[in-house]
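Note that the numbering runs from 1 along the sequence shown for the chain.
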Amino acid sequence: MASTPVSSTTAGLAVAGCTALAVFGPLVGVSPAWIALLIGGGLLGLTVDASQLEGMGGHLVAEALPGGKARLRRVARHEAGHWLVARDEQLGVKRVLVGTRACLEAGLRCNGATEFALPDQARLPLEELRRWSRVLQAGIVAEVLLEGAARGGEDDRALLGRIWGLSGQDVETAQREQRRARREVEQFLRHHRDDLEAVAERLLEGLEPEAA
């Protein structure tokens, strides 16, 4: 998983905040000394974020603020989709992580993750490709089903593209099979919507996806 020193969201918010403070601060009576102090503190925060939090500090703050629960619920629903379909496909799941803090503690730079037992060969037979197509698209489908649209899934799409790229199958076959897999996942998750919600809530509470 690629890592950048400072996330574009964090940097953009910091620059916008500093600019607004410098322009409008004096107009509302904020002294230049306080403006300099606040801007310096913001830059220090960016530096700490880059060196200690791998650019994910903005996500940590967003998850801790009011409304952060809704953000985490979206992530939990995404990962619950992966987990449910992986279980149905009998594909091994090593662990499921929800939230930036949990991911950073595990050494991952993301907001959520479902780690699978990877296949022991790069070039997979067609039926295995179909299984992976269903599992890797399940998070996106779960978000669309429960949230109306998907915000995550870029890494899932990239991994799915690499798997099919190594398969030796032609592009037309890959696209057709992925569309077919998505339809199958949509049907499965609609049928198991209550289970999807239940797993997501367990993940949101920091529990295992399934009760022991």
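- R202 and E208 are not joined by a salt bridge, as no carboxylate oxygen comes within less than 4.0 angstrom of a charged side-chain nitrogen.
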| task | Could you walk me through whether R77 and E143 pass salt bridge (charged side-chain N to carboxylate O under 4.0 Å, His left out), step by step? | result | CA-CA 6 Å; R77 287 171 165 176; E143 278 195 68; over 6 Å; no
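- Minimum interatomic distance between L196 and L146 (heavy atoms only, all atoms of both residues): CD2-CD1, 3.5 Å.
- Shown here is Q90, whose CD atom has no more than 12 heavy atoms of other residues, nucleotides or ligands within 6.0 Å.
- The cluster map of Ile, Leu, Val, Met, Phe, Trp and Tyr, joined by side-chain heavy atoms under 4.5 Å apart, puts L91 and L118 in the same cluster.
- In this structure, the separation between CD on E205 and CD on E201 is 7.0 Å, given to the nearest 0.5 Å.
- V144 and L136 sit in two unconnected hydrophobic clusters of ILVMFWY residues. Membership requires side-chain heavy atoms under 4.5 Å apart, directly or through other members.
- Ionic pairing of R180 and E184 is present here: one or more N-O contacts between side-chain nitrogen and carboxylate oxygen are shorter than 4.0 angstrom.
- For E79 (side chain) and T114 (main-chain N/O), a donor-acceptor pair under 3.5 Å exists by modelled atom type.
- Put simply, L126 and V135 are part of the same group of oily side chains (I, L, V, M, F, W, Y) that touch within less than 4.5 Å, one to the next.
- Annotation for P209 and V96: closest pair CG-CG2, 4.1 Å, computed over non-hydrogen atoms.
- Note that CD of Q178 is 12.5 Å distant from CZ of R130, once rounded to the nearest 0.5 Å.
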| request: Under the salt bridge (charged side-chain N to carboxylate O under 4.0 Å, His left out) rule, what do E147 and R73 come out as? Steps first, then yes or no, please. | output: CA-CA 10 Å; E147 300 282 348; R73 179 169 283 108; over 6 Å; no
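- When side chains are defined from C-beta on, K69 counts as touching L204, because their heavy atoms get closer than 4.5 Å.
- Counting all heavy atoms, side chain and backbone alike, A200 lies closest to A80 at N-CB, 3.7 Å.
- With contacts defined as side-chain heavy-atom distances shorter than 4.5 Å, the pair D156/Q137 does not qualify.
- The number of heavy-atom neighbours closer than 6.0 Å to CD of Q187, taken from other residues, nucleotides and ligands shown, is 12 or below.
- Annotation for L129 and S167: closest pair CD1-CB, 3.5 Å, computed over non-hydrogen atoms.
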| How far apart are the C-alpha atoms of N111 and R71, what are their side-chain angles, what is the distance that settles it, and do they pass the side chain to side chain contact (heavy atoms under 4.5 Å, CB included) test? | CA-CA 10 Å; N111 308 122; R71 178 189 179 99; 4.2 Å; yes
| request: Before giving the answer on side chain to side chain contact (heavy atoms under 4.5 Å, CB included), spell out for R134 and V185 the whole-Å C-alpha distance, their side-chain angles and the decisive distance to 0.1 Å. | output: CA-CA 6 Å; R134 289 189 285 268; V185 170; 3.6 Å; yes
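- Side-chain atoms of R193 do not come within 3.5 Å of backbone N or O of F188 as any donor-acceptor pair.
- Heavy atoms from other residues, nucleotides or ligands lying under 6.0 Å from CD of E172 number 12 at most.
- The two residues C103 and C110 make their nearest non-hydrogen contact at CB-O, 3.3 Å.
- Between L72 and G99 the shortest heavy-atom distance is CD2-CA, 3.5 Å.
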| task | Evaluate side chain to side chain contact (heavy atoms under 4.5 Å, CB included) for I140 paired with R182, printing each intermediate quantity in order. | result | CA-CA 9 Å; I140 296 170; R182 178 155 183 155; 3.8 Å; yes
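- Residues E186 and R183 are not paired through a salt bridge, judged by the lack of any N-O separation under 4.0 Å between the basic side chain and the carboxylate.
- To the nearest 0.5 Å, the span separating CD1 on I163 from CD on Q169 amounts to 13.0 Å.
- Looking at heavy atoms from C-beta onward, R101 lies out of side-chain contact with L104 at the 4.5 angstrom threshold.
- Taking 4.5 Å as the limit, every side-chain heavy atom of V199 sits out of range of all side-chain heavy atoms of E210.
- Counting only heavy atoms from C-beta outward, the side chains of L189 and D195 never approach each other to under 4.5 Å.
- Hydrophobic clustering (side-chain heavy atoms under 4.5 Å, transitive across Ile, Leu, Val, Met, Phe, Trp, Tyr) keeps L207 apart from L97.
- Counting heavy atoms from C-beta outward, F116 and H82 have side chains that approach closer than 4.5 Å.
- In summary, the side chains of H192 and D88 do not present any donor paired with an acceptor at a separation below 3.5 Å, with no hydrogens or angles considered.
- Interatomic distance, R157 CZ to E154 CD, rounded to the nearest 0.5 Å: 6.0 Å.
- Residue R190 qualifies as open at atom CZ: its count of foreign heavy atoms under 6.0 Å is 12 or below.
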| Trace of the side-chain hydrogen bond (donor to acceptor under 3.5 Å, both in side chains) decision for E177 with S133 | CA-CA 8 Å; E177 291 294 343; S133 294; over 6 Å; no
